[in-house]
Engineer: 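Got a structure for you, written out below as structure tokens; questions coming shortly.
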Amino acid sequence: MTNWVEIDRLAKLWVKEAGSRIKASMQEGLSIETKSNPNDLVTNIDKETERFFIEKIQSTFSDHHILGEEGQGEEVTSLDGIVWIIDPIDGTMNFVHQKRNFAISIGIFENGVGKIGLIYDVIHDELYHAIKGEGAYMNDILLPPLKDVEIEKAIVGINPTWAIESPYFDAKPFARLVRDVRGTRTIGSAALELAYIASGRSDAYVTLRLAPWDYAAGCVLLDEVGAVYSNIHGERLTFLDKNSIVAGNRSICEKILHDYIKGSGNKK
Ligand code: 2AM
Ligand code: CA
């Protein structure tokens, strides 16, 4: 039988070690490249951190699979078995420009079911972690179940560009949402957006395009506090392809999906 407690112990150890390495590297010069567009950044530290995890996982759990953002693991085309879904640095733009608000994000799945979620806010030394069915924590603090919140009192994470224009979706419902909520925030790391929902710092997160490594760990945390997540059509998220996301407090997500997004024009 799979020893999830032992996997969790090692994963936490490696996340902390990787965090220390990232911190140390920030004293040195970064090598920065762009990927899909001029604002999609990757650094030598993203790649080195991913390699660090790949080496640790492969030498300890030879039968586990690794789906990493920088693609240095194997090509993963199925979620059969145990799959580590890794973003070595989520929020690379923050890492490069702001030197804070980036995270290591690791979701460990078994046959498509999220079993362990780890999101490590390196600079604040805040480790959000969960094992399925055993509650979510921020460091040693157990995170309580989320309570319903009215939309007028909600803090919602959203990138302002989605409320201006989008290649995928009509922007008007997002502009209305931005007007109606108490406040909007853009952290710039999807993993931290989800960790903030799990810890009650934020009530929802809406975004039109994320990859599985951006949200895999966060979904494990969200399950443990009674939060919900889907794509913007209210359908289940998949963990091998890109997805839009509405995540957060159940009451807010239902309202966003039903009163704001439903019936709006999807451009794709
Ligand atoms: P990254 O820093 O690991 O690239 C920024 O709002 C959030 O969106 C970050 O979590 C960022 O992850 C993610 N992101 C940025 N560009 C993306 C893209 N082209 N596809 C999917 N997610 C992206
Ligand atoms: Ca990344």
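If you read the sequence from its start, that first residue is 1, and numbering goes on from there. Order of listing sets the numbers, starting from 1, for every ligand and every atom in it.
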Engineer: Could you tell me whether Glu110 and Lys115 make a salt bridge, using a distance below 4.0 angstrom between a side-chain N and a carboxylate O?
Structural biologist: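 Salt bridge: yes.
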Engineer: Just let me know how Ser189 lines up against ligand 1, side chain, backbone, both or neither, with a heavy-atom cut-off below 4.0 Å.
Structural biologist: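 The answer is the backbone.
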Engineer: Ile89 heavy atoms, cut-off 4.0 Å: which ligand 1 atoms fall inside?
Structural biologist: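 It comes down to these atoms of ligand 1: 3 (O).
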Engineer: Looking only at protein heavy atoms, which one is nearest to atom 22 (N) of ligand 1, and what is the separation?
Structural biologist: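 For atom 22 (N) of ligand 1, the nearest protein heavy atom is Asp214 OD2, 3.1 Å.
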Engineer: Please determine whether salt bridge (Lys or Arg N to Asp or Glu O under 4.0 Å) holds for the pair Glu6 and Arg9, giving the CA-CA distance in whole Å, both sets of side-chain angles, and the decisive distance to 0.1 Å.
Structural biologist: CA-CA 5 Å; Glu6 178 62 3; Arg9 185 185 73 79; 3.0 Å; yes
Engineer: Report the nearest protein non-hydrogen atom to atom 8 (O) of ligand 1: residue, atom name, distance rounded to 0.1 Å.
Structural biologist: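 Answer, as residue, atom name and distance: Leu210 CD2, 3.6 Å.
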Engineer: Which of the atoms of ligand 1 are close to Asp87, meaning less than 4.0 Å from one of its heavy atoms?
Structural biologist: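 Here the atoms of ligand 1 in question are 3 (O).
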Engineer: Does the salt bridge (Lys or Arg N to Asp or Glu O under 4.0 Å) test come out yes or no for Glu126 and Arg201, once each step is laid out?
Structural biologist: CA-CA 13 Å; Glu126 290 179 335; Arg201 293 174 174 180; 3.1 Å; yes
Engineer: Considering the heavy atoms of Gly91, write down every atom of ligand 1 situated less than 4.0 Å from one of them.
Structural biologist: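 So the atoms of ligand 1 that pass are 1 (P), 2 (O), 3 (O).
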Engineer: Going by heavy atoms in the side chains, are Tyr196 and Ile155 under 4.5 Å from each other?
Structural biologist: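 The answer is no, as the side chains (C-beta and beyond) never meet within the 4.5 Å cut-off.
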Engineer: With heavy-atom distances below 4.5 Å as the criterion, would you say the side chains of Gln72 and Lys47 are in contact?
Structural biologist: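 With C-beta onward as the side chain, the pair touches.
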Engineer: Would you say Ile89 has an N, O or S atom lying under 3.0 Å from the Ca ion (ligand 2)?
Structural biologist: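 Yes, within the cut-off.
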Engineer: With atoms numbered from 1 as shown, which atoms in ligand 1 lie under 4.0 angstrom from a non-hydrogen atom of Asp90?
Structural biologist: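 Near Asp90, the atoms of ligand 1 are 1 (P), 2 (O), 3 (O), 9 (C), 10 (O), 11 (C), 12 (O).
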Engineer: Among all the protein's non-hydrogen atoms, which is closest to atom 20 (N) of ligand 1, and how far away is it?
Structural biologist: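 Answer, as residue, atom name and distance: Lys242 NZ, 3.1 Å.
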Engineer: With a 4.5 Å limit on heavy-atom distance, are the side chains of Phe53 and Trp84 in contact?
Structural biologist: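 The answer is no; the side chains never approach within 4.5 Å.
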Engineer: Taking only heavy atoms of Glu69, which atoms of ligand 1 are found under 4.0 Å from at least one of them?
Structural biologist: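 Heavy-atom distances to Glu69 below 4.0 Å select 3 (O), 4 (O).
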Engineer: Which residue holds the protein heavy atom closest to atom 5 (C) of ligand 1, what is that atom called, and what is the gap in Å?
Structural biologist: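 Result for atom 5 (C) of ligand 1: Gly188 O, 3.6 Å.
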Engineer: Does an N or O anywhere in Tyr205 fall below 3.5 Å from an N or O of ligand 1?
Structural biologist: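 Looking only at distances, the answer is no, because the N/O contact criterion of under 3.5 Å is not met.
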Engineer: What part of Arg209, side chain, backbone, both or neither, has a heavy atom within less than 4.0 angstrom of ligand 1?
Structural biologist: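 The answer is both, backbone and side chain.
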Engineer: I'd like to know if Asn159 contacts ligand 1, where contact means a heavy-atom distance under 4.0 Å to any ligand atom.
Structural biologist: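 It does not; every heavy atom stays at 4.0 Å or beyond.
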Engineer: Would you please indicate if the ring centroids of Tyr137 and Tyr128 are separated by under 6.0 Å?
Structural biologist: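 Centroid distance Tyr137-Tyr128: not below 6.0 Å, so no.
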Engineer: For Glu69, what is the atom name of its N, O or S atom nearest to the Ca ion (ligand 2)?
Structural biologist: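 Within Glu69, restricted to N, O or S, the Ca ion (ligand 2) is closest to atom OE1.
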Engineer: Mind checking whether Tyr205 and Leu194 have side chains closer than 4.5 Å, heavy atoms only?
Structural biologist: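 The answer is yes; the side chains approach within 4.5 Å.
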Engineer: For atom 16 (N) of ligand 1, what is the closest protein heavy atom, and at what distance to 0.1 Å?
Structural biologist: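 Going by distance alone, atom 16 (N) of ligand 1 is nearest to Asp40 OD1, 4.2 Å.
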Engineer: Are the aromatic rings of Phe239 and Tyr215 close, with centres under 6.0 Å apart?
Structural biologist: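 Yes; Tyr215 has its ring centre under 6.0 Å from that of Phe239.
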Engineer: Is the shortest heavy-atom distance from the side chain of Asp63 to the side chain of Ile82 under 4.5 Å?
Structural biologist: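 No, too far: nothing below the 4.5 Å cut-off.
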Engineer: Should Ile45 and Leu30 count as side-chain neighbours, where that means a heavy-atom distance under 4.5 Å?
Structural biologist: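 Yes, close enough: below the 4.5 Å cut-off.
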Engineer: Distance check below 3.0 Å: does Asp87 bring an N, O or S atom to the Ca ion (ligand 2)?
Structural biologist: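 Yes, since at least one N, O or S atom of Asp87 sits under 3.0 Å from the Ca ion (ligand 2).
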